[in-house]
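Because the structure is predicted, anything quoted here is derived from the model rather than measured.
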Amino acid sequence: MMKPTIYDVAREAGVSIATVSKVLNNNGRISEKTREKVQRIMEELNYQPSLVASALTSRRTGTIGLMIPDIANPFFAEAARGIEDYAQEQGSDLIVCSTDRNDEKAERYISLLLRKRVDGLIIASHIGEPDMIRRLLADRVPLVLFSADLRMIESHSVTVDDYKGGYQATEYLLSLGHRRLGIISDNLPGSKLRSEGFLDALKDAGVPFGNPANITHTSATLENGRTAAAAMLGQDEEHRPTAIFACNDLLAIGVLKEARSRGLSIPRDLSVIGFDNTMLAEICHPALTSIAQPLREMTDQAMVLLNESIDNPDSPKRKIMLMPELVVRHSTGPAPD
């Protein structure tokens with residue numbers, strides 16, 4: 001059987017094609033009785049509107065593209081869920097692309113999403129070449145940067161104050177009496193700011209950070225967290241950190257696993273604090289102290305900005321920065337004697 005068309009719906013409902021189009025696009029003046037009748041006929045015929053045809057008439061496809069660096073990272077998985085929920089409520093579909101922090105892969109995905117005529121892009125993945133973003137903006141592609149910002153480029157963005165979060169985490173560890181601290185950061189833009197907050201908090205407290213072995217940059221995986229922790233915890237007791245700040249929860253849980261494998265008690269022998277406050281922070285053992293990002297507020301704000309940009313590509317660009325919050329659980333405690 002051939003798929004029903006808009007002509008079939010119009011014929012069965014006894015209305016014009018223009019009226020069916022108004023129902024599909026939810027615009028124009030038609031009575032509620034006519035709208036309900038057309039919707040009922042569409043259901044009876046199992047009519048599925050063509051996204052391509054819709055795009056040609058309304059210039060919209062009802063699809064949004066989301067680019068994230070790693071779907072295995074629970075922060076970005078939870079962010080994708082929040083954006084999807086918002087998109088579904090407004091009748092849009094979401095296409096998620098995981099770039100693995102690879103610029104060539106990111107370019108291929110952007111090309112793919114543009115060919116599919118998405119209404120707009122939310123880019124949470126690290127973009128190594130800012131010219132890519134400049135080209136999209138020059139072509140009037142509606143987009144929002146999420147959990148990262150390119151300050152030299154005028155674009156919509158939604159971020160958390162990463163510097164403050166790093167400072168907050170370090171200040172809390174110092175308040176517990178820790179003086180030998182380690183930090184494990186990943187290669188996403190926010191981690192650089194979190195590291196700066198960490199170092200400035202130590203400096204402001206007059207605590208020297210003189211051991212380069214206690215600072216590691218790596219990609220955000222659980223195993224990389226273990227590897228980085230192994231190097232730090234393998235030092236002699238005089239240099240080994242009593243507390244480690246990991247710039248995301250995945251790395252922090254890797255630290256917890258490595259510490260337990262060495263027979264260390266958390267937090268008696270070692271305190272660990274993460275960043276993002278994902279669901280993993282609550283279910284791991286011991287429960288992880290973490291710097292929380294207001295994720296649902298961030299995803300909602302990103303969708304608001306994207307809709308603004310879709311409706312008016314020339315609207316003034318806004319950079320929204322939200323505040324992090326320290327969530328204390330059982331992985332942190334006083335420094336050992």
Side-chain angles (χ1 to χ4, degrees), residues 73-75 165-186 191 194-293 324-337:
N73 186 321
F75 172 76
Y167 197 103
Q168 207 172 16
T170 312
E171 197 173 41
Y172 174 65
L173 293 174
L174 291 171
S175 75
L176 294 173
H178 295 280
R179 293 298 179 266
R180 295 198 311 273
L181 276 67
I183 179 171
I184 305 172
S185 67
D186 62 35
S191 280
R194 296 168 196 178
S195 299
E196 290 175 4
F198 169 85
L199 294 171
D200 283 353
L202 290 175
K203 181 180 177 182
D204 291 348
V207 177
F209 187 75
N211 185 358
N214 286 340
I215 184 165
T216 300
H217 300 281
T218 186
S219 56
T221 69
L222 189 147
E223 282 306 312
N224 284 345
R226 284 200 70 164
T227 301
M232 293 183 190
L233 300 176
Q235 301 177 89
D236 59 73
E237 191 172 348
E238 183 181 350
H239 297 96
R240 187 174 67 204
T242 62
I244 294 177
F245 168 43
C247 287
N248 64 62
D249 289 349
L250 265 183
L251 291 171
I253 292 172
V255 174
L256 291 179
K257 289 190 68 175
E258 181 61 27
R260 283 200 300 269
S261 74
R262 292 170 176 266
L264 298 177
S265 174
I266 307 292
R268 188 186 65 205
D269 301 320
L270 177 72
S271 285
V272 181
I273 185 168
F275 203 110
D276 291 336
N277 194 41
T278 60
M279 62 182 296
L280 290 181
E282 295 186 61
I283 64 176
C284 69
H285 181 73
L288 180 68
T289 296
S290 187
I291 301 295
Q293 300 198 56
E325 179 185 357
L326 172 67
V327 179
V328 177
R329 296 191 179 92
H330 304 302
S331 66
T332 48
D337 294 334

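- With rounding to the nearest 0.5 angstrom, the OG atom of Ser219 is 8.0 Å from the CG atom of Leu251.
- A side chain to side chain contact (heavy atoms under 4.5 Å, CB included) with Leu250 is found for exactly one of Thr278, Leu280, Thr221, namely Leu280.
- Under the 3.5 Å distance criterion, the side-chain polar atoms of Ser271 are matched with a main-chain donor or acceptor of Gly333.
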Q: With side-chain contact (heavy atoms from CB on, under 4.5 Å) as the test, would you mind laying out the steps for Thr332 and Val272 before giving the verdict?
A: CA-CA 6 Å; Thr332 48; Val272 181; 5.8 Å; no
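- No side-chain heavy atom of Pro208 sits under 4.5 Å from any side-chain heavy atom of Leu202.
- The nearest pair of heavy atoms linking Asn214 to His239 is ND2-O, 3.2 Å.
- When all heavy atoms of Ile266 and Ala259 are compared, the closest pair comes out as CD1-CB, 3.8 Å.
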Q. Checking side-chain contact (heavy atoms from CB on, under 4.5 Å) for the pair Leu270/Ile244: CA distance, chi angles, key distance, verdict?
A. CA-CA 8 Å; Leu270 177 72; Ile244 294 177; 4.2 Å; yes
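- Annotation: side chain of Leu174 is in contact with side chain of Arg179 (closest heavy-atom distance under 4.5 Å).
- Residues Arg329 and Cys284 are not in side-chain contact: their nearest non-hydrogen atoms beyond the backbone lie 4.5 Å or more apart.
- Separation of atoms CE (Met232) and CG (Leu181) is listed at 10.0 Å; rounding is to 0.5 Å.
- Between the side chain of Ser331 and the backbone N or O of Thr289, at least one donor-acceptor pair lies under 3.5 Å.
- Contact annotation: the side chain of Pro267 never approaches that of Pro286 to less than 4.5 Å [non-hydrogen atoms, C-beta and beyond].
- In this view, His285 satisfies the side-chain contact (heavy atoms from CB on, under 4.5 Å) rule with no residue, not counting sequence neighbours.
- Atom CD of Glu282 sits about 10.0 Å away from atom OG of Ser290, to the nearest 0.5 Å.
- Checked by atom type and distance alone, the side chain of Ser175 pairs as donor or acceptor with a backbone atom of Tyr172 at under 3.5 Å.
- Residues Arg194 and Gln293 approach most closely at NH2-NE2, 3.3 Å, considering heavy atoms.
- Atom CG of Asp269 and atom CZ of Arg262 lie 12.5 Å apart (nearest 0.5 Å).
- One distance of note links CD of Glu258 with CD of Glu223; it measures 9.0 Å at 0.5 Å rounding.
- Taking all atoms of both residues into account, the shortest heavy-atom contact from Leu233 to Pro241 is CD2-O, 4.4 Å.
- A donor-acceptor pair shorter than 3.5 Å cannot be found between the side chains of Arg240 and Asn211.
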Q. Run the side-chain contact (heavy atoms from CB on, under 4.5 Å) check on Phe275 and Phe75 step by step: do they pass?
A. CA-CA 10 Å; Phe275 203 110; Phe75 172 76; over 6 Å; no
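- In this structure, Leu288 and Ala252 approach most closely via the heavy-atom pair CD2-CB, 3.7 Å.
- For Asp276 (side chain) and Asn248 (main-chain N/O), no donor-acceptor pair under 3.5 Å exists by modelled atom type.
- Formation of a donor-acceptor pair under 3.5 Å by the Arg226 side chain with backbone atoms of Gly254 is not found in this model.
- Applying the ring-ring contact (aromatic ring centres under 6.0 Å, His included) rule to pairs touching residues 201-223 yields Phe198-Phe209, sequence neighbours excluded.
- For the atom pair CZ of Arg180 and CG of Leu173, the computed distance is 13.5 Å after rounding to the nearest 0.5 Å.
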Q | Residue pair Ser185, Thr216: steps toward the side-chain contact (heavy atoms from CB on, under 4.5 Å) verdict | A | CA-CA 6 Å; Ser185 67; Thr216 300; over 6 Å; no
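- Residues Ile291 and Pro324 share a closest heavy-atom pair of CG2-CB, 3.6 Å.
- Between Ile184 and Phe245, every side-chain heavy-atom pair lies at or beyond the 4.5 Å cut-off.
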